[in-house]
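This structure is a prediction, so every number in the text was calculated from the model and none was measured. Below, all heavy atoms of this structure are taken into account, side chains as well, without hydrogens, waters or symmetry copies.
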Amino acid sequence: MLELSYIRENTFEVAQRLAIKNIDATEMLQQIIGLDTRRREAQTELDNSLAEANIISREVGNLMKAGKASDASELKNRVAELKLQAKELSENLDRLVNEQNNLLVTLPNVPHISVPKGKTPEDNQIVHSEGEMPVLQPDAVPHWELATKYDIIDFELGNKVTGAGFPFYKGKGARLQRALINFFLDNAIAAGYLEIQPPLLVNEASGYGTGQLPDKDGQMYFCQVDKLYLIPTAEVPITNIYRDEIVKATAFPIKNVAYSNCFRREAGSYGKDVRGLNRLHQFDKVEIVQIQHPDHSYETLEEMREYVSTLLRKLELPFRVLKLCGGDMSFTSSLTYDFEVYSAAQQKWLEVSSVSNFESFQANRMKLRYKDEFGKTRLCHTLNGSALALPRIVASLLENNQTSDGIRIPAALATYTGFDLLT
RNA sequence: GGAGAGAUGGCCGAGUGGUCGAAGGCGCACGCCUGGAAAGUGUGUAUACGCCAAAAGCGUAUCAUGGGUUCGAAUCCCAUUCUCUCCGCCA
């Protein structure tokens, strides 16, 4: 959620920057500002009315103590009148606040000034690419066939026990999962992140705090009886640790890493790129989250981008980095880098990480603040990124490293798997 | 699931109808003391919104949440949520 004061003072700029996301918000911004004026008037009216009632009540108290109860009755009536009035004023104020909030929540974050305008993924900017494109044998096959050949991932079994998008990992496949998780966690810890194991279900307030609600209701699995959501990413519980907190400025940057299962309904994306591991309802991911001072969040974004690059380098996967265009960015983000690895048998670039700066958008929703050097309370900036999501990494590892002898495991990972050739 | 107890500021904890945003302590910040530190000591230390060009200041709200009683509620009543203890079940 954008800050009201920011909208009020930079209305034109907000509209201009939202246009990068192909959103014409001019009218809505005017509405919000109009409501804001009325809201403040209503607030003042209500406060005045209550203030008067408070003064009179105190007088009544004094009269009672002095034993002049009879003199108090007229004052009592006056207070009753004021209270009645205050109730109406308060209802009016609530209406205005609600109306304004409903508008504010539907307004996406403003993109960073450097974000390219554009509508589709084709308009994303490739800002970096590295690694050698693998040359495969003519008989090379996609990962879902390799999964069956080596009996390491069982999609059919997942269909039987749960449904599509919930595979079983078996034997060396399970081992590979575990190795990747540890590899990612150990690297993050070495880079200064604090490891955290979060709950996999969160309440409504948390879903709202990171922006999944109300925008993406329906994309999360929901446990009706307990009113809890299965997390689509560890970002949700981890960032919400700091909900309603005022952190010390000396604590910056706060760096957390968490491994978790992620659950996504993926409603509306059936039939497209869903073969094998490309799109699952449940998958594993290691997520890094940082809370940072507003002046340093973009340096931090670059640092996180570099960190993710080192992981892919160690895994010897060819990858490229995209700066997302306005139209392809998420609702909550100001600037997002997507990482894609090349999966050679499918001949496809697969997204394996998304690193974003949300500036104060999430912080405003969840009231995550710090005290500046003047003692003023201000909103923090939040950032996060996948480091990394497992399934597509596995897909490309399998496809790119297939040989007639088995699947070659990169050296950095072999320490974790305990084998350097998967047979 | 059954029975009971409870929810007050960063933390502990007092407060059962009237200047209570809330005693006291701890913690924290700054100062004094000290060669330096500890101890000691002094001062300060919630958040949101509104008024004001802004600061100072003032006003309003907030003692889990929502409603109610009352001229007046942290304090009384109702509902909800959550936490704890015991019993049951259980990895």
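Rounded to a whole Å, the CD atom of Gln43(A) is 7 Å from the C1' atom of U60(B). Taking atom CG of Asp94(A) as the reference point, atom P of C49(B) lies 16 Å away to the nearest angstrom. Rounded to a whole Å, the CG atom of Asn77(A) is 13 Å from the P atom of U70(B). We find that CZ of Arg58(A) is positioned 11 Å from C1' of G59(B), with the value rounded to whole Å. What separates CG of Asp372(A) from C1' of A29(B) is a distance of 15 Å, to the nearest Å. Rounded to whole Å, atom P of C51(B) lies 13 Å from atom CG of Leu46(A). Rounded to an integer number of Å, the gap from Lys248(A) NZ to A46(B) P is 14 Å. One can place CZ of Arg8(A) at 11 Å from C1' of C49(B), the figure rounded to the nearest angstrom.
Taking the P atom of each, A64(B) and G6(B) are spaced 14 Å apart, rounded to whole Å. Only the C1' atoms considered, G10(B) is 8 Å distant from G27(B), to the nearest whole Å. Nucleotides U8(B) and A73(B) have their C1' atoms positioned 14 Å apart, rounded to a whole Å. Rounded to the nearest Å, the gap between the P atom of U45(B) and that of G50(B) is 23 Å. Spacing between G36(B) and U47(B) at atom C1', rounded to whole Å, works out to 39 Å. C26(B) and A14(B) have their C1' atoms separated by 15 Å, given to the nearest Å. Separation of the C1' atoms belonging to C12(B) and C86(B) is 25 Å when rounded to the nearest angstrom. Spacing between A46(B) and C87(B) at atom C1', rounded to whole Å, works out to 41 Å.
In this model, the phosphate group of G68(B) is approached by a side-chain N or O of Lys87(A) to a distance below 4.0 Å at OP1 or OP2. Contact between the side-chain N/O atoms of Arg369(A) and the OP1/OP2 oxygens of A48(B) is found at a separation under 4.0 Å.
Although no hydrogens or angles enter the test, the distance criterion places a donor-acceptor pair under 3.5 Å between the side chain of Lys255(A) and the main chain of Ala191(A).
Both Asn48(A) and Lys83(A) sit near RNA chain B, but only Asn48(A) has its closest nucleotide nearer the 5' end. Of the two residues near RNA chain B, Met64(A) and Glu52(A), the one whose nearest nucleotide lies more 5' is Glu52(A).
Among A48(B), C71(B), U60(B), the nucleotide with an atom closest to any side-chain atom of Asn54(A) is U60(B). Picking from G59(B), C71(B), U47(B) the nucleotide with the shortest atom distance to the side chain of Thr377(A) gives U47(B). If you check C71(B), U60(B), C49(B) against the side chain of Arg39(A), the one that comes closest is C49(B). For Leu50(A), the listed nucleotide lying nearest its side chain is A61(B); candidates were A48(B), A61(B), C71(B). Here the side chain of Arg40(A) is nearest to one of C51(B), C71(B), C49(B), namely C51(B). Of the candidates A55(B), C49(B), G72(B), the closest approach to any side-chain atom of Asp47(A) belongs to C49(B). Residue Ser57(A) places its side chain closer to C71(B) than to any other of C71(B), G50(B), A48(B). Among the nucleotides U47(B), C51(B), U60(B), the one closest to the side chain of Lys371(A) is U47(B).
If you check every strand for non-hydrogen atoms under 4.0 Å, Val60(A) touches a base. Backbone-only engagement by Ile246(A) is indicated by non-hydrogen atom pairs under 4.0 Å involving sugar-phosphate atoms exclusively. If you check every strand for non-hydrogen atoms under 4.0 Å, Lys367(A) touches nothing.
Of all nucleotides present, none satisfies the Watson-Crick or G-U wobble test against U19(B) with each distance under 3.5 Å. The nucleotide A7(B) finds its pairing partner in U81(B), both defining distances of the Watson-Crick or G-U wobble pair being shorter than 3.5 Å. Pairing for C86(B) goes to G2(B), judged as Watson-Crick or G-U wobble with the two contacts each under 3.5 Å. Base pairing annotation: A73(B) forms no Watson-Crick or G-U wobble pair, as no partner gives both donor-acceptor distances under 3.5 Å. Using N1 to N3 plus N6-O4 or O6-N4 for Watson-Crick, or N1-O2 and O6-N3 for G-U wobble, each under 3.5 Å, C58(B) pairs with G50(B). Across every strand in view, A39(B) sits unpaired, with no contact that passes the Watson-Crick or G-U test at under 3.5 angstrom. Using the Watson-Crick or G-U wobble rule with both distances under 3.5 Å, C28(B) pairs with G44(B).
At a threshold of 4.0 Å, the pair Glu145(A)-Arg275(A) does not count as salt-bridged, since none of the basic side-chain nitrogens sits closer than that to a carboxylate oxygen.
Between His293(A) and Phe252(A), the ring-plane angle classifies as perpendicular under the 30° and 60° cut-offs. By the 30° and 60° cut-offs, the orientation of the rings of Tyr229(A) relative to Phe222(A) is tilted.
Around CD of Glu306(A), the count of heavy atoms belonging to other residues, nucleotides or ligands within 6.0 Å exceeds 12.
Proximity of the aromatic rings of His112(A) and Tyr298(A) is defined here by a centroid distance below 6.0 angstrom, and this criterion is met.
Met329(A) places a side-chain heavy atom less than 4.5 Å from the side chain of Pro111(A).
Both cation-pi conditions hold for Lys172(A) and Phe419(A): the charged atom is under 6.0 angstrom from the six-membered ring centre and inside a 45 degree cone around its axis.
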